[in-house]
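These notes concern the structure reproduced below.
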Amino acid sequence: MSTVNTEIRVKTGHPVVGIVLGIVGIAVALLTTLLFGVIAGAVAAALGLGAALLGFSARKKGGRGVGAIVAGALALVLAVTMTLASVGMMKNLKATADASGVAPTFARYMDNPYLGLSSVAANAINDSKNPEAVKKIQGELEALRNYVADNQKPAAETAPNAA
């Protein structure tokens, strides 16, 4: 009798699909969270979670899937950090616009920082048909840019000469 191992190891799972989902999740997290805020972060997190689950499934059944797990975990981490950074940046922009006092229309456009720049664009599109509103927002943005530039000067430039 021969002692040849006749056991057939069937590799199951979908690690390649998991890697693709992880890469797509990473791309969504990096490229769209600034534009669409929490919505894009949730999509990227869902893609990353799906990739990680496919990786764990493939790992358990066939010994493969580490790439899908890593890509999924990276997509999840990027989704959370990019979403938090995007929301924080939008809140900071709104606070700066409110504190400056020179851009009330711009501050009003940023009523929902959780939806990213798309909510600002959607609010601005409503006023884009009125040429006076467009000139007003351009003036406010220029005044806001000057306000931020003046506040970022080093203390030596802004301090009066005590001669």
Side-chain angles (χ1 to χ4, degrees), residues 1-100 103-128 134 137-138 140-141 144-145 147-149 151-154:
M1 278 253 141
S2 173
T3 59
V4 174
N5 188 0
T6 58
E7 177 183 330
I8 298 173
R9 185 172 176 167
V10 178
K11 292 188 175 185
T12 58
H14 301 286
V16 175
V17 174
I19 291 171
V20 170
L21 280 178
I23 291 171
V24 170
I26 291 167
V28 167
L30 290 174
L31 300 175
T32 63
T33 49
L34 182 60
L35 294 174
F36 301 109
V38 175
I39 295 170
V43 169
L47 290 170
L49 183 63
L53 290 176
L54 282 173
F56 283 123
S57 172
R59 186 87 179 132
K60 184 168 49 170
K61 293 179 182 176
R64 303 177 311 172
V66 175
I69 294 169
V70 170
L74 186 57
L76 280 169
V77 168
L78 282 173
V80 170
T81 56
M82 292 297 292
T83 301
L84 292 175
S86 173
V87 169
M89 183 211 53
M90 294 298 289
K91 285 183 177 181
N92 190 13
L93 281 173
K94 182 171 175 49
T96 302
D98 284 336
S100 70
T105 307
F106 184 69
R108 188 190 59 187
Y109 285 170
M110 301 184 78
D111 60 348
N112 194 353
Y114 296 100
L115 294 179
L117 291 174
S118 64
S119 68
V120 176
N123 289 334
I125 286 174
N126 295 334
D127 287 344
S128 68
V134 172
I137 192 69
Q138 285 175 340
E140 286 184 8
L141 288 175
L144 189 60
R145 186 185 65 80
Y147 172 80
V148 170
N151 285 340
Q152 289 181 347
K153 288 183 181 175

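The analysis underlying the following values was restricted to heavy atoms, covering all of them including side chains, and did not include hydrogens, waters or symmetry mates.
- With rounding to the nearest 0.5 angstrom, the CG atom of Leu34 is 11.0 Å from the OG1 atom of Thr83.
- Residues Asn123 and Arg108 have side chains not in contact (no heavy-atom distance under 4.5 Å, counting atoms from C-beta outward).
- With a 6.0 Å radius and a threshold of 12 heavy atoms from other residues, nucleotides or ligands, Tyr147 has its OH atom above the threshold.
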For residues 39-52, which side-chain N or O atoms pair as donor and acceptor with protein atoms under 3.5 Å away, sequence neighbours left out?
none

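- Interatomic distance, Thr96 OG1 to Met89 CE, rounded to the nearest 0.5 Å: 11.0 Å.
- Taking every heavy atom of both residues into account, Ala103 and Ser100 meet most closely at N-OG, 3.9 Å.
- For the pair Gly65 and Ala58, the tightest heavy-atom approach, listed with the atom from each and the gap, is CA-CB, 4.2 Å.
- Between the side chain of Ser86 and the backbone N or O of Met82 there is no donor-acceptor pair closer than 3.5 Å.
- Of the inter-residue distances, the one linking Leu144 atom CG with Thr105 atom OG1 reads 11.5 Å to the nearest 0.5 angstrom.
- For the pair Met90 and Gly116, the tightest heavy-atom approach, listed with the atom from each and the gap, is CE-O, 3.5 Å.
- Gly55 and Ala68 get closest at one heavy-atom pair: CA-CB, 3.6 Å.
- In the model, Tyr109 has no side-chain atom that pairs as donor or acceptor with a side-chain atom of Lys94 under 3.5 Å.
- One finds the CD1 atom of Ile69 at 10.0 Å from the CD1 atom of Ile19 (value rounded to the nearest 0.5 Å).
- Here Leu117 contributes atom CG and Met110 contributes atom CE; the two are 7.0 Å apart, rounded to the nearest 0.5 Å.
- Taking CG of Leu53 as the start and CG of Leu21 as the end, the distance is 10.5 Å to the nearest 0.5 Å.
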